Amino acid sequence: MASEQELSTSFIPALYKPAALLPIARHKASLLYLVEKYPVTIVVGQTGSGKTTQLPQYLDQAGWCEDGKLIAVTQPRRVAATTVATRVAEEMRCQVGEAVGYSIRFEDLTSAETRVKFLTDGMLLREALVDPLLSRYSVIMVDEAHERSLSTDVLLGILKKIRKKRPELRIIISSATLQAEDFLRFFAGDEYHPDADSAELGGSIGRIISLEGRMYPVDTLFLESPAEDYVERAVKTVFDIHTQESEGDILVFLTGREEIDRAIQLISERAADLHPKSDSLVPLPLYAGLTTEQQMYVFEPTGENSRKVIVSTNIAEASVTIDGIVYVVDCGFAKLRAYNPSTGIETLTAVPISKASATQRAGRAGRTRPGKCFRLYTEQTYEQLPEATIPEIQRSNLAPIVMQLKALGIDNIVRFDFLTSPPAELVIRAFELLFSLGAVDDYAKLTKPLGMRMAELAVDPMMAKVLLAAPTFNCLSEMLSIAAMVSLQGTVWVQSYDNKKAAESHRRKFAVEEGDHLTYLNVYQAFVTKGKKDSKWCRDHLLNYRAMQRAVSIRGQLKRYLERFGIQVDETLSRQQTVDTSRQPEQIQRCLTTGYFAHAAKMQPDGTFKTVSGGLTLHAHPSSLMFNRKADWVIFHEIMQTGDKTYIRDITKIEKNYLLEYAPEYYKVT
DNA sequence: GAGCACTGC
């Protein structure tokens, strides 16, 4: 028993396990053989197989980096790219940035020495803009491809094209079991033989290889009848585990902050009724909206005679891994974003998870020793779940993707070889928006220079249009700050439980009559003049210091882009112009309208908004300054439906005639 | 009176 305790709270992290002992080691020869012989290798690797850390080293040793070529390993997330690079550098006994490096937005730790490079898949796509055949790389490994993120899917399509022009390129796709054949079929195309012996499915193009993982068995239990209230049921299950099962921490999957807060509350209340001599329960929330510091609590070992209960969103399904979890409680739902092409509105709703998700959640219980997973639904319900989650490319606003593909020289989006094609309505809607912004012409070609430049800017198309229009309105310097702040997506303010009123009064100090965009500008300017080197200043004003630093980086990057286009950003000009303070806000309001005219709404007497067509009732999001304030016409950055309400966020007042002035085609004068 | 998770020179 003592040794088991030691294992689960071991101070020697799993990453120091000798590499030779990893399950992948005995497949080294066959892996290298496959990569040598076939252009595409699909690696089905269970958790802990060592594929991400070992395979790149094998390839390096086998000479794939001779002639100055590099091995790229892509990750869907920034943190993964940095942590894996650090670990591989340790194993290869070098500093990160030497033989092993990583490259993510704002952080490039690579050098002329670098042979193995970890990067986000979005970053590799960006590299394809300047090096369309990705000719620096001899091998490209796409890790976690089964997650089917937007960039992963686009990257796979690009790689398929590149492969035809670069037969010597080696592509490795790491996937979960379920999708391995889909990937192989995609790359093998006509050569895929569905009737062949499974070993020969991929013809001369590729093969699938399976690596066993380091997982302990997980017992899965279902409910006999459906739960009425899964939050309540989750709490009950936590106490059943606590009183009846042996030691080990618990991970509960719920869908959002509200449910999590309620569950934490219930657990705390009922924990008071536990027998005084029994072990204590320590409930901890985990969701992306928490600050990094608040998230760190889930990694701290609890004291003796106590058990952690981590109540989490989907963030713990793939992005965050916590050691010591022995029990998983799965509510069977997750909140998922989807884009409705007929309304142009994003929805965020709780939907049943897929079988693949359920398996992944259960697996979180078997990382340190055999575990148990309690599913708060019946086995029959489980059987009816879809096999896999619908990939993002089939439920997203595709305007940014269309722009990106166009910038990469792929003109015919409809005929582009996607792993799974997006629905036609999504593609049509994207083109309609881009056409209305002037980014594409009647033939769906990128316009010059507007469309071309918009495609290169790393902001959404509406904001890209605004930035490129800003010089005309003499507000480029201001608009750069606004674009950077909007890119932070609502992380500007620190969320505080205790003092909502204090937070509100701090926000009001920066408030500007015209709305959220000018308020952002105010915050940004205050930060760079007063708080740039001072995290205390941010704390005092309940601003998120790291987010603000990020805004500075984003702004700098956007500015460099514009300068590369030959657009001068005169930072002194804007200060001189503040003499004429009455005029500046109007120029910004006008400029915003040139990009956001499709996101216009009119306030109704009851304080809600209606779209121009008049159909839909919109509510100002409570985080907006326009919540509880009077306005007439407004434009907004984002529209999202959650529950039964549709919210707009980042709102600025405008005049109705701006719409007619800057989008006469869109708002035909009647 | 409130939003799942990610990403980009």
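Computed from a prediction, not measured in an experiment: that's the story for all the values here. Lettering follows sequence order; numbering is per chain, from 1. Worth knowing before you read on, the calculation uses all heavy atoms, side chains too, and leaves out hydrogens, waters and symmetry mates.
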Colleague: Considering only B:dG8, B:dA5, B:dG1, which nucleotide approaches the side chain of A:Phe627 most closely?
Modeller: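 Selected nucleotide (nearest to the side chain): B:dG1.
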Colleague: Could you state the atom-to-atom distance from CD of A:Glu317 to C1' of B:dA5 in whole Å?
Modeller: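 Going from CD in A:Glu317 over to C1' in B:dA5 covers 10 Å.
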Colleague: State, without any angle test, whether A:Thr420 and A:Arg148 hold a side-chain donor-acceptor pair at a distance under 3.5 Å.
Modeller: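 Judged by distance alone, the side chains do pair up.
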Colleague: Restricting to salt bridge (charged side-chain N to carboxylate O under 4.0 Å, His left out), what partner residues turn up for A:Glu144, sequence neighbours left out?
Modeller: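 Testing A:Glu144 for salt bridge (charged side-chain N to carboxylate O under 4.0 Å, His left out), a comparison that skips the adjacent residues, returns none.
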Colleague: Check the distance between B:dA5's C1' and A:Ile260's CD1 and give it to me in whole angstrom.
Modeller: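 About 12 Å, once rounded to whole Å.
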Colleague: For a quick check of understanding: with a heavy-atom distance under 4.0 Å over all strands, which category does A:Ala334 fall into, base, sugar-phosphate or nothing?
Modeller: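 The residue A:Ala334 makes no contact with any strand.
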Colleague: Round to the nearest Å and state the distance from A:Ile639 atom CD1 to B:dA2 atom P.
Modeller: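 The answer, rounded to whole Å, is 17 Å.
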Colleague: Going by number, which of residues 105-125 of chain A have a non-hydrogen atom under 4.0 Å from DNA chain B?
Modeller: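 Close to the strand are A:Arg105, A:Thr120, A:Gly122, A:Met123.
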Colleague: Looking at B:dA5, I'd like to know if its phosphate oxygens (OP1 or OP2) sit under 4.0 Å from a side-chain N or O belonging to A:Thr313.
Modeller: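 For A:Thr313, the contact criterion (side-chain N or O under 4.0 Å from OP1 or OP2 of B:dA5) is met.
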Colleague: Taking any heavy-atom pair under 4.0 Å as a contact, classify A:Glu392: base, sugar-phosphate, or nothing.
Modeller: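 Here A:Glu392 touches the bases of the nucleic acid.
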Colleague: Taking atom P of B:dC6 as reference, at what distance in whole Å does atom CZ of A:Arg550 sit?
Modeller: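 Distance check: A:Arg550 CZ to B:dC6 P gives 12 Å.
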Colleague: To the nearest angstrom, how far is A:Tyr102 atom OH from B:dG8 atom P?
Modeller: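 So the OH-P distance, A:Tyr102 to B:dG8, works out to 12 Å.
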Colleague: How many Å lie between OH on A:Tyr287 and P on B:dA5, as a whole number?
Modeller: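 Checked: the OH to P distance equals 10 Å.
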Colleague: Suppose we screen for salt bridge (charged side-chain N to carboxylate O under 4.0 Å, His left out). Which residues come up paired with A:Glu127, at least two apart in sequence or across chains?
Modeller: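 Testing A:Glu127 for salt bridge (charged side-chain N to carboxylate O under 4.0 Å, His left out), a comparison that skips the adjacent residues, returns A:Lys117.
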Colleague: Of all residues at least two apart in sequence or in a different chain, which pass the side-chain hydrogen bond (donor to acceptor under 3.5 Å, both in side chains) check with A:Thr347?
Modeller: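 Result, side-chain hydrogen bond (donor to acceptor under 3.5 Å, both in side chains) vs A:Thr347: none returned.
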Colleague: Carefully, step by step, assess A:Trp493 and A:Leu543 under the rule side chain to side chain contact (heavy atoms under 4.5 Å, CB included).
Modeller: CA-CA 5 Å; A:Trp493 303 95; A:Leu543 283 164; 3.6 Å; yes
Colleague: Just to verify, what does A:Glu456 make a side chain to side chain contact (heavy atoms under 4.5 Å, CB included) with, not counting sequence neighbours?
Modeller: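 Partners of A:Glu456 under the side chain to side chain contact (heavy atoms under 4.5 Å, CB included) test: A:Tyr561, A:Arg564, A:Phe565.
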Colleague: Under 4.0 Å, counting only non-hydrogen atoms across every strand here, what does A:Thr642 touch: a base, just sugar-phosphate, or nothing?
Modeller: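 The residue A:Thr642 makes sugar-phosphate contact but no base contact.
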Colleague: Excluding sequence neighbours, so at least two apart, what forms side chain to side chain contact (heavy atoms under 4.5 Å, CB included) with A:Ser175?
Modeller: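 With neighbours one apart ignored, the set is A:Ile42, A:His146, A:Gln179, A:Ala180, A:Phe183.
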Colleague: Could you tell me whether A:Glu638 contacts a base, only the sugar-phosphate backbone, or nothing, with contacts defined as non-hydrogen atoms closer than 4.0 Å?
Modeller: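 Base, at least one base atom sits under 4.0 Å.
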Colleague: Tell me the interatomic distance from A:Arg78, atom CZ, to B:dT7, atom C1', rounded to whole angstroms.
Modeller: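 Checked: the CZ to C1' distance equals 8 Å.
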Colleague: If you find the nucleotide of DNA chain B closest to A:Leu348 and the one closest to A:Gln489, which residue's nucleotide is nearer the 5' end?
Modeller: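 Going by which nucleotide is closer to the 5' end, it is A:Leu348.
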Colleague: Would you say the side chain of A:Gln75 and the base of B:dT7 hold a donor-acceptor pair, judged only by whether the two atoms sit under 3.5 Å apart?
Modeller: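 Counting by modelled atom types and ignoring angles, no donor-acceptor contact under 3.5 Å is found here.
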Colleague: Does A:Lys645 or A:Gly289 map to a spot on DNA chain B nearer the 5' end, using the closest nucleotide for each?
Modeller: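 Nearer the 5' end of the strand: A:Lys645.
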Colleague: Are any of A:Ser319's side-chain N or O atoms less than 4.0 Å away from OP1 or OP2 of B:dC6?
Modeller: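 Yes, A:Ser319 has a side-chain N/O under 4.0 Å of OP1/OP2 on B:dC6.
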Colleague: List for me each residue that meets side chain to side chain contact (heavy atoms under 4.5 Å, CB included) alongside A:Asn544, sequence neighbours excluded, and say none if there are none.
Modeller: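 A:Thr491, A:Val494, A:Arg546, A:Ala547.
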Colleague: Is it true that A:Arg555 and A:Glu571 make a salt bridge, defined as a side-chain N closer than 4.0 Å to a carboxylate O?
Modeller: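 Salt bridge flag = yes for A:Glu571 with A:Arg555.
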Colleague: In whole angstroms, how far is the C1' atom of B:dG1 from the CZ atom of A:Arg507?
Modeller: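 Atom CZ in A:Arg507 sits about 11 Å away from atom C1' in B:dG1.
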Colleague: Using a 4.0 Å cut-off on heavy atoms, which residues in residues 556-566 of chain A reach DNA chain B? List them by number, or say none.
Modeller: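 Residues of residues 556-566 of chain A under 4.0 Å from DNA chain B: A:Gln557, A:Tyr561, A:Arg564.
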Colleague: Kindly write out the residues that satisfy side-chain hydrogen bond (donor to acceptor under 3.5 Å, both in side chains) with A:Thr152, not counting sequence neighbours, or none if the list is empty.
Modeller: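 Applying side-chain hydrogen bond (donor to acceptor under 3.5 Å, both in side chains) to A:Thr152 gives A:Asp121, A:Ser149.
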